[in-house]
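Below is one structure, written out as C-alpha cells; comments come after it.
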Amino acid sequence: MHKTARKMVVALSLLCLLVLTACQSGDKGESEKVTSEKKAKVVNIMETSGIPNASPTLADNSVSFRVINQIFEGLYRLDKNGKPALALAASEPEEKDGGKTLIFKIRDDAKWSNGDPVTAHDFEYAWKKIVDPKTAAAYGPQMEEIVKNATQILKGEMSPDELGIKALDDKTLQIELENPVPIFKELLTTGTFFPQNQAFVEKQGDRYGTKSDTLISNGPYKLENWNGTNMTWDYVKNPTYWDKKNVPTEKIHVTVVKDTNAALNLYNTNKLDRVELDGEFVKQYKDDKNFHKEATGRSVYMKMNQGKDGMKTDLANLNLRRALAMAIDKTGMVNTLLANGSKALNGDVPADIMFDPETKEDFRKQNGDLLKFDQQEAISAWKQGLKEIGKSELTLTLTSGDTSLQRKQTEFIQNQLEENLPGLTIKLKNVTNQASFQADVTQDFELLLGGWGGDYQDPLTYLNLFLTNSPGNHTGFSDAKYDELVLGAKGKLSADPEKRWQALLEAEQILLKDNAVLIPLYQGGRAYLQKSNLKNYTTYPIGSENYKWIEKN
C-alpha cells in the first residue's frame, strides 16, 4: 500500500474510533440522566386556585396560608398528629410572671434560604409589622387581647414598638402576654406568628411575596417557578432548613385544576398523585382501593352584606337575613351534590372537634341548631322583611369561585332560594377564587359563598372573625355584647376555662340566633383518591396541610 494511503487509513480508523467513543460516552450520559430522573420522584398535587399572595403579613385566605405553611416556620409546627411540636424554638420557654412572660431560645441552626441566620429580631420585626395599623394586615387581630398592648396598637392608640415582644439578643426572644392563653402554643404554629427577614422584606418593598423571586423562606421548602399569576408552581426542598434530613421529597409540583373531571383525567394518566372528589364522582370511585373519606373542621356558609361606611343595604333587615338563612334544604346539598362526608351545619362552629372543658360535651351539640331549614318560617320572615323595606320583590347577586363544584353549589342555592322565597331573584357571579377572596376583603358583594377552616382547635378561631372591624368580618355586623364575650375569651376569661367556654357559646347565639349574620350551610368533608405510593400527605381537621414529610415510593 502507498505510504500516503496507509496514513489515510490509519487516520480514518482513529477518527472512527473517536466518534465511536464519543457516541458511547453520550449514550452513557443519557442513560445516567434517565436513571437519575427515575430515581428523583416528584410529587404531583393540585390546587383549585392560584396564589393570591405568599406574604405571612398580608395573607388572608386558605390558599395563601397553605403555601406559607410549606415555606415558612415559626416557633412550633404541628406534628403528624396535629399537636404543636418544637420547630424554631430550641426548647420549651422559660415562664415568668405566672405564665404571662415567655422566654424562648431560637435554634442555632435555624437559617433563611439565603443563608442568613433566623434570629429573635426576625420575630420581633414581623410581629410589630403585623399589628401596625399602617400595614393593614388581615390577621393582625389574631394578637388582639393576647400579646401585650396589641389591642391598643391595632386601634392606633399605642406605637407598634410597645408590643409585648423583644429580642433580648440574637437567639433569645421574650414574649409578654396580656394573660396566660391556653391556645397560645397552637397560635404559634400559624402564619401570623412566623418571623420575617427585615433586610430582605424591606429591600423588596411592595413586591415582597408577590412571586417566588421576591421571597426567601425558612421552612421545609422554597417556592419556585411562580411568577405571581401562573397556574403551576413548585415546592423545592430547602437545603438550609434545620430539619432537612426529615424532608424526604426534593420537589412537589402543583397544578391548579378547577374541574373535577379534568383533575381525574390527570390522576388517571399519572400526572396527579391525589385528587379530591364530589357528587357523582364519589359514587363512581367509592369502591376503589385508593378511595378515602374523612371529616374536616371547615365551616361553609354564605355572608350577607348589611352595608359599610354608613351605607346600609336591604340585607340590613333582620327578617330578610333570617328568611334567606332558613330557606335552603342543606341535606340535599350534602347528600347529593357533595356526597364527600360533609354534614349539614346549623351554626358557625363545626361538630365533633371542640369540647366543653368540664363536661366534655361537643360545642355544636350544646348550642344546637341556631338557623336550620324551615320553609314556612322562612316565607313568613321574608314577607315581613319585604314589607319593612317597602318592596314586593328583591334581586340579589351571589358571588363565588369558579370551580366546577362551586358552580354546582351556587346553582343549587339559587334554585332553593328562588323556589322557597316568592319574589326573590338570585343572579350568579362566578369569578376566580382570587377575585372571590378580594370581593370578600373589600366587601364588594351582596351574598358571598365562603367559609373558614380554622387555624387552631378552639371555637374562638371561628367566632373571632366577626368582631367589630375584624378583617374576617366584612358583613357590616357589629355588636358590643358579642365583642365583649369574644374578647373576654381571648383575654380576661382565659384563667377560667368553663366561663370562657360559656362566653363562646353565648357569642355564637348572638351571631346567628339573634342576628342571622351568616347562612350556615355545611361542615366540610373530604373524599379523595390518592396513589398508594404517596405517603405522609398530612392533613388536619383544622389547620393547613403539612407537606414536610410527604414522599412517593
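For this chain, numbers begin at 1 and follow the sequence in order.
- Rounded to the nearest 0.5 Å, atoms CD (Q406) and CD (Q409) are 6.5 Å apart.
- The closest donor-acceptor contact from the side chain of Q457 to the backbone of I353 lies under 3.5 Å.
- With hydrogens and angles left out, the side-chain atoms of Q416 and D329 include no donor and acceptor closer than 3.5 Å.
- The two atoms that bring K330 and L371 nearest to each other are NZ-O, 2.9 Å, heavy atoms only.
- In this structure the side chain of V63 reaches within 4.5 angstrom of the side chain of P52, judged on heavy atoms.
- Side-chain atoms of T151 and E145 include a donor-acceptor pair closer than 3.5 Å.
- Q196 and Y208 are linked by a side-chain donor-acceptor pair at a separation below 3.5 angstrom, with hydrogens and angles left out of the test.
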Next on the checklist: One pair to check against side-chain contact (heavy atoms from CB on, under 4.5 Å): F355 and F363. What are the steps and the verdict?
Outcome noted: CA-CA 6 Å; F355 304 92; F363 185 98; over 6 Å; no
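- Annotation: the span from L345 atom CG to L521 atom CG amounts to 8.5 Å, rounded to 0.5 Å.
- In this structure, the side chains of V486 and N464 come closer than 4.5 Å at one or more pairs of heavy atoms.
- K427 has its side chain out of reach of Q414: every pair of non-hydrogen atoms, C-beta onward, lies at least 4.5 Å apart.
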Next on the checklist: Assess the residue pair V349 and R364 against the criterion (side-chain contact (heavy atoms from CB on, under 4.5 Å)); give the C-alpha distance rounded to whole Å, side-chain angles, the decisive distance to 0.1 Å, and a yes or no.
Outcome noted: CA-CA 7 Å; V349 178; R364 181 75 276 125; 3.9 Å; yes
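- A salt bridge links K185 with E92: the closest approach of a Lys/Arg side-chain nitrogen to an acidic carboxylate oxygen falls below 4.0 angstrom.
- Remark: the N430 side chain and the S400 side chain contain an N/O donor-acceptor pair separated by less than 3.5 Å.
- At least one side-chain heavy atom of I130 sits under 4.5 Å from a side-chain heavy atom of M143.
- Note that CD1 of I106 is 10.5 Å distant from NE2 of H121, once rounded to the nearest 0.5 Å.
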Checklist entry - K391 and D314: salt bridge (charged side-chain N to carboxylate O under 4.0 Å, His left out), yes or no, with the steps? => result CA-CA 10 Å; K391 294 184 178 181; D314 289 332; 2.7 Å; yes
Next on the checklist: Test side-chain hydrogen bond (donor to acceptor under 3.5 Å, both in side chains) on Q198 and E202; report intermediate values, then the result.
Outcome noted: CA-CA 6 Å; Q198 182 174 0; E202 292 183 349; 3.1 Å; yes
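- For K148, the NZ atom counts as loosely surrounded, since its 6.0 Å shell holds 12 or fewer non-hydrogen atoms of other residues, nucleotides or ligands.
- Using modelled atom types, one finds no donor on one side chain facing an acceptor on the other under 3.5 Å when comparing S436 with N433.
- Checked against side-chain hydrogen bond (donor to acceptor under 3.5 Å, both in side chains), K372 has no partners two or more places apart in sequence or in another chain.
- Here the two rings, on Y482 and F477, have centers that are under 6.0 Å apart.
- Atom NZ of K408 sits in a crowded spot, with more than 12 heavy atoms from other residues, nucleotides or ligands closer than 6.0 Å.
- Results of the side chain to side chain donor-acceptor pair (under 3.5 Å) test with Q502 over K499, E506, E498 single out E498 as the only residue that passes.
- Side-chain N/O atoms of D132 and T135 include no donor and acceptor closer than 3.5 Å.
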Item to check | Verdict with reasoning, N149 to E162, per side-chain hydrogen bond (donor to acceptor under 3.5 Å, both in side chains) | outcome: CA-CA 7 Å; N149 297 333; E162 297 178 84; 5.3 Å; no
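- Here the side chains of E47 and R66 are in contact, with some heavy-atom distance below 4.5 Å.
- For CG of D97, the number of neighbouring non-hydrogen atoms (other residues, nucleotides, ligands) closer than 6.0 Å is greater than 12.
- Look at E124 and K128 and you find a salt bridge, because one of the NZ, NE, NH1 or NH2 atoms lies within 4.0 Å of a carboxylate O, short of that distance.
- Using a 3.5 Å distance cut-off with no hydrogens or angles, the side chains of E294 and T539 do pair a donor with an acceptor.
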Checklist entry - Can you list the steps and then say if K429 with D402 is a salt bridge (charged side-chain N to carboxylate O under 4.0 Å, His left out)? => result CA-CA 9 Å; K429 184 179 180 182; D402 63 349; over 6 Å; no
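- Closest heavy-atom contact between D122 and V118: OD2-CA, 3.4 Å.
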Please tabulate, one pair per line, all N/O donor-acceptor pairs under 3.5 Å involving side-chain atoms of residues 442-452, not counting sequence neighbours.
from : atom 1 : to   : atom 2 : distance (Å)
T442 : OG1    : Q438 : O      : 2.8
Q443 : NE2    : N305 : OD1    : 2.6
Q443 : NE2    : G307 : O      : 3.1
E446 : OE1    : T397 : N      : 2.7
W452 : NE1    : T461 : O      : 2.9

Item to check | Audit row: E508, L370, side-chain contact (heavy atoms from CB on, under 4.5 Å) steps and yes/no | outcome: CA-CA 9 Å; E508 192 196 39; L370 302 181; 3.5 Å; yes
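- Applying the 6.0 Å contact sphere to NZ of K166 captures no more than 12 heavy atoms from other residues, nucleotides or ligands.
- Between L188 atom CG and F184 atom CZ the span is 4.0 Å, to the nearest 0.5 Å.
- For the residue pair N319 and K383, no side-chain donor N or O sits within less than 3.5 Å of a side-chain acceptor on the partner.
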Next on the checklist: Between K100 and E176, does the salt bridge (charged side-chain N to carboxylate O under 4.0 Å, His left out) criterion hold? Intermediate values first, please.
Outcome noted: CA-CA 6 Å; K100 292 173 69 173; E176 293 180 277; over 6 Å; no
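- A donor-acceptor contact under 3.5 angstrom links the side chains of Y540 and N546, judged on distance only.
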Next on the checklist: Using side-chain hydrogen bond (donor to acceptor under 3.5 Å, both in side chains), reason through W501 and Q366 one step at a time and then give a plain yes or no.
Outcome noted: CA-CA 11 Å; W501 186 264; Q366 279 184 328; 2.6 Å; yes
Checklist entry - Step by step, would you call Y456 with T189 a side-chain contact (heavy atoms from CB on, under 4.5 Å)? => result CA-CA 9 Å; Y456 46 91; T189 70; over 6 Å; no
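- Proximity of D458 to L504: side-chain heavy atoms (C-beta onward) are separated by under 4.5 Å at one or more points.
- No side-chain heavy atom of F104 sits under 4.5 Å from any side-chain heavy atom of T172.
- Within 6.0 Å of NZ on K387 lie no more than 12 heavy atoms contributed by other residues, nucleotides or ligands.
- Around atom CG of N415, more than 12 heavy atoms belonging to other residues, nucleotides or ligands sit under 6.0 Å away.
- Counting heavy atoms from C-beta on, the side chains of L424 and L324 come closer than 4.5 Å.
- Rounding to the nearest 0.5 Å places CZ of R77 at 5.0 Å from CG of N69.
- Qualifying side-chain hydrogen bond (donor to acceptor under 3.5 Å, both in side chains) partners for S342, counting only residues two or more places apart in sequence or in other chains: N340.
- For Y139 and F65, the ring centers are positioned less than 6.0 Å apart.
- Remark: L463 CG to L511 CG distance equals 7.0 Å, nearest 0.5 Å.
- Without hydrogens or angle criteria, R322 side chain to A381 main chain gives no donor-acceptor distance under 3.5 Å.
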